[in-house]
Number of protein chains: 2
Amino acid sequence: MKVTIQDIAKAANVAKSTVSKVLNDSPKISKETKTRVREIMEQMNYTPSSIATRLAKRSSHNIGMLIDMARESEYMNPFFLNIISGIESVIGPMKYELTIANMQQDDPERNVINRLVRSGRIDGLIANNAIMSEDMVKTLNSLDFPFVTIGEFHSFPVPWADYDNAEGGRMLTGHLLDEGYRDIAFIGGEPLERIFTKRHQGYRQALLEAGIPYREDRTIHGVADENHGYQAVLELLRSDHPPDSLVCMNNYSAFGALKAIQQAGIAIPGEIGIATFDDYPFSPHTNPPLTSLFIDTFQLGATAGRMLIEVMNQPDLPYPSLLLQPKLNIRESTLKRKAGLE
Amino acid sequence: MKVTIQDIAKAANVAKSTVSKVLNDSPKISKETKTRVREIMEQMNYTPSSIATRLAKRSSHNIGMLIDMARESEYMNPFFLNIISGIESVIGPMKYELTIANMQQDDPERNVINRLVRSGRIDGLIANNAIMSEDMVKTLNSLDFPFVTIGEFHSFPVPWADYDNAEGGRMLTGHLLDEGYRDIAFIGGEPLERIFTKRHQGYRQALLEAGIPYREDRTIHGVADENHGYQAVLELLRSDHPPDSLVCMNNYSAFGALKAIQQAGIAIPGEIGIATFDDYPFSPHTNPPLTSLFIDTFQLGATAGRMLIEVMNQPDLPYPSLLLQPKLNIRESTLKRKAGLE
DNA sequence: TTGTAAGCGTTATCAT
DNA sequence: ATGATAACGCTTACAA
């Protein structure tokens, strides 16, 4: 059947321990035996059983990515392949495999920790902060099991990688200020959402730095979808003194806002400027194209992967954490000065 | 350190084979021993080593999803999470794990077949037809290794699951005909693209069935992106007798077409109708919203997963293949009759 | 119903 | 430089 290390040993007239050493390129084996054994392996089409190797080496050489397929679809979908490609780009060359696991909270028997961690299926774990409960963190820590979350984590010291959402808010708002806008509204986001809090905080800070007073009524809370963006902006435009520009929580929010503005026949970027978080899927395609904040999700994955490897190799160092910087894609929707010159 | 089956055996005063049988819920073990041993497992926080189990059982209980992260990103990105969620939904409950592997053609040493298949890392493989070369099919077959491709495969008999692109073309075209359109152009797609061929074939057939002659010059080939859609339709509209409706290869293509039409000030759906493949990301959001063909990528993944399990369990049956049916989402962009009544 | 012992395919530790 | 042999942690005949 399957050819094993034993078969090679027999064919080469050596002990299987010798074959094993050839496999691991041990310096104690002579050049001659190595080449001879390798030739035989080639001939017999031998590939070592990774499972046996793992058992003997006590390492699965496998890292796990935990997601909640039920919940995350909408938000993660467009980015997921990028993220895992990023992870793969760093762990792949180190011969680690990537296992995707679906956490099913409804089935405690198929508990994630047992299924993956205790069973030795994976050597390290990456998960979105949204699904990483404090209980899980505790358990993982008590097992000295290496993991990294994608997304900031502050209630506990854990290793994490994220984009700097506050800085993003500053960048978008700062850009609008640079372009001469003065009355900037923030559209979308629930007060308790972690991401909203960060983004909004950057917005406030940019205002503060520019010496512009923060106005409570310029933040329109909500689910950050197209409909909310539309309704919110419609209402703003109806008021006596509408804002002269908008920062939107995401592309859908911005798209709704855009509709409302166009319907009201107000000029972009001349009369109102609009900038938004996320570059996907609409920003480059709308009319006018939207100034927006690009987040390199591949890099995010790669960073998380690198951090995990680091944590796995040096468990005793303090937990690392890293904020990546977003990139501002300036497009027509905020170019007030340029528009003014025309 | 880690608690093993041996420790449990000792603590419970039984042989480790007994513990193993308890683990596998063998009917030969008495209720009493079972509960006693299980209690001890619980107390000692025991989880069996999956690697040891796999070695003993000679099955990795793991299935692999092979992708080319370098190439597929753009096309697969929005669907990838859906597809693997679908796969997981069927293999997960059967206790299979999902490993995502990046095929790196540039590195033959890290050859996919060896790395995953021969090494016993996975028991079955799912891959997009685009990256499944004939060589690979041959090798896989010679190893009697179970696999399924996502996407039709005809050069060889292999198990595959796909959406019925020809039927999709018929549905879109047929719907336009039903609405009273008679001169339907097909926008986007390269003549040699497999998907284009299928979709276009359905388009032609619908015309044929309606007794409308097929006109070569009504098919505008190209890369099927926004720019091509825009240019193509711009040109069509400039001609003496522009078509009265469009079938577009995808959302980007359709989006470009939409821009051209709006710019020309032509009424949708009154003067021209527009229908497109794919429901993502623009179709529901444009103005007017686009009639489009929805493909349930979760189902596609689930189907592929089910087929793989089937092939794994019954290797001797003839290879299955399955065409799933798309769903037509009718929206304003093609409702000519209704528009006519107003 | 339970126990004994021989695998599963490697690696690792000693000898030689 | 090579070989014997005991792990690694589980399953599975076969005995008892």
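Both backbone and side-chain heavy atoms feed into the values below; hydrogens, waters and symmetry mates do not. Below, chain A is the first sequence line, B the second, and so on; all start at residue 1.
Contact check, B:Thr18 against C:dT1: no side-chain N or O comes under 4.0 Å of OP1 or OP2. Between A:Thr4 and the phosphate of C:dG9, there is no side-chain N or O to OP1/OP2 separation shorter than 4.0 Å. Contact between the side-chain N/O atoms of B:Ser20 and the OP1/OP2 oxygens of D:dT11 is found at a separation under 4.0 Å.
Contact annotation for B:Val19: no contact, since no heavy-atom pair falls under 4.0 Å across all strands. Within the nucleic acid shown, A:Thr33 comes within 4.0 Å of sugar-phosphate atoms alone, with no base atom in reach, counting heavy atoms only. Among the heavy atoms of the strands, none lies under 4.0 Å from B:Asp7.
One interatomic measurement links the two molecules: CG of A:Asn24 to C1' of D:dT2, which rounds to 15 Å at whole-angstrom precision. Here the P atom of nucleotide C:dG3 and the NZ atom of B:Lys10 are 14 Å apart, to the nearest Å. At whole-Å resolution of the value, CE in B:Met44 and P in D:dG9 are 13 Å apart. The distance from atom CG of A:Asn13 to atom P of D:dT2 is 13 Å, rounded to the nearest whole Å. Regarding B:Ile8, its CD1 atom lies at a distance of 9 Å from the P atom of D:dC10, rounded to whole Å. As a whole-Å value, the separation of A:Gln6 CD from D:dT5 P is 13 Å. Taking atom CD1 of residue B:Ile5 and atom P of nucleotide D:dA7, one finds them 18 Å apart after rounding to whole Å. The nearest whole Å value for the distance from the CG atom in A:Leu55 to the P atom in D:dC8 is 9 Å.
Residue A:Lys21 has its side chain nearest to D:dA4 when only C:dT11, D:dT11, D:dA4 are considered. In this structure, of C:dT11, C:dT10, D:dT2, it is D:dT2 that holds the atom nearest to the side chain of A:Ser30. Here C:dT11 is the nucleotide among C:dT4, C:dT11, D:dT2 with the atom lying nearest to any side-chain atom of A:Leu23.
Without hydrogens or angle criteria, A:Ser26 side chain to A:Val22 main chain gives no donor-acceptor distance under 3.5 Å.
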Which side-chain N or O atoms in residues 148-159 of chain A pair as donor and acceptor under 3.5 Å with protein atoms at least two apart or in another chain?
from, atom 1, to, atom 2, distance (Å)
A:Thr149, OG1, A:Gly151, O, 3.0
A:Glu152, OE1, A:His154, NE2, 2.6
A:Ser155, OG, A:Glu134, OE2, 3.2

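Under a 4.0 Å N-O distance rule, the pair B:Lys16/B:Asp7 does not qualify as a salt bridge. Salt bridge status for B:Asp164 with B:Lys198: absent, with no side-chain N to carboxylate O gap under 4.0 Å.
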>> Would B:Met307 and B:Ile126 count as a side-chain contact (heavy atoms from CB on, under 4.5 Å) here? Give the steps.
In response: CA-CA 10 Å; B:Met307 283 181 47; B:Ile126 298 180; over 6 Å; no
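Residue-to-nucleotide proximity on DNA chain C shows that, of A:Arg58 and B:Lys28, the 5′-proximal contact is made by B:Lys28. Mapping B:Ile51 and A:Lys31 onto DNA chain D by nearest heavy atom places A:Lys31 closer to the 5' end of the strand.
For C:dT10, its base sits under 3.5 Å from the side chain of A:Lys16 at one donor and acceptor pair at least. Interface remark: the B:Ser17 side chain does form a donor-acceptor pair with the C:dT4 base, using a distance-only criterion of under 3.5 Å.
In summary, the side chains of B:Thr33 and B:Ser30 do present a donor paired with an acceptor at a separation below 3.5 Å, with no hydrogens or angles considered.
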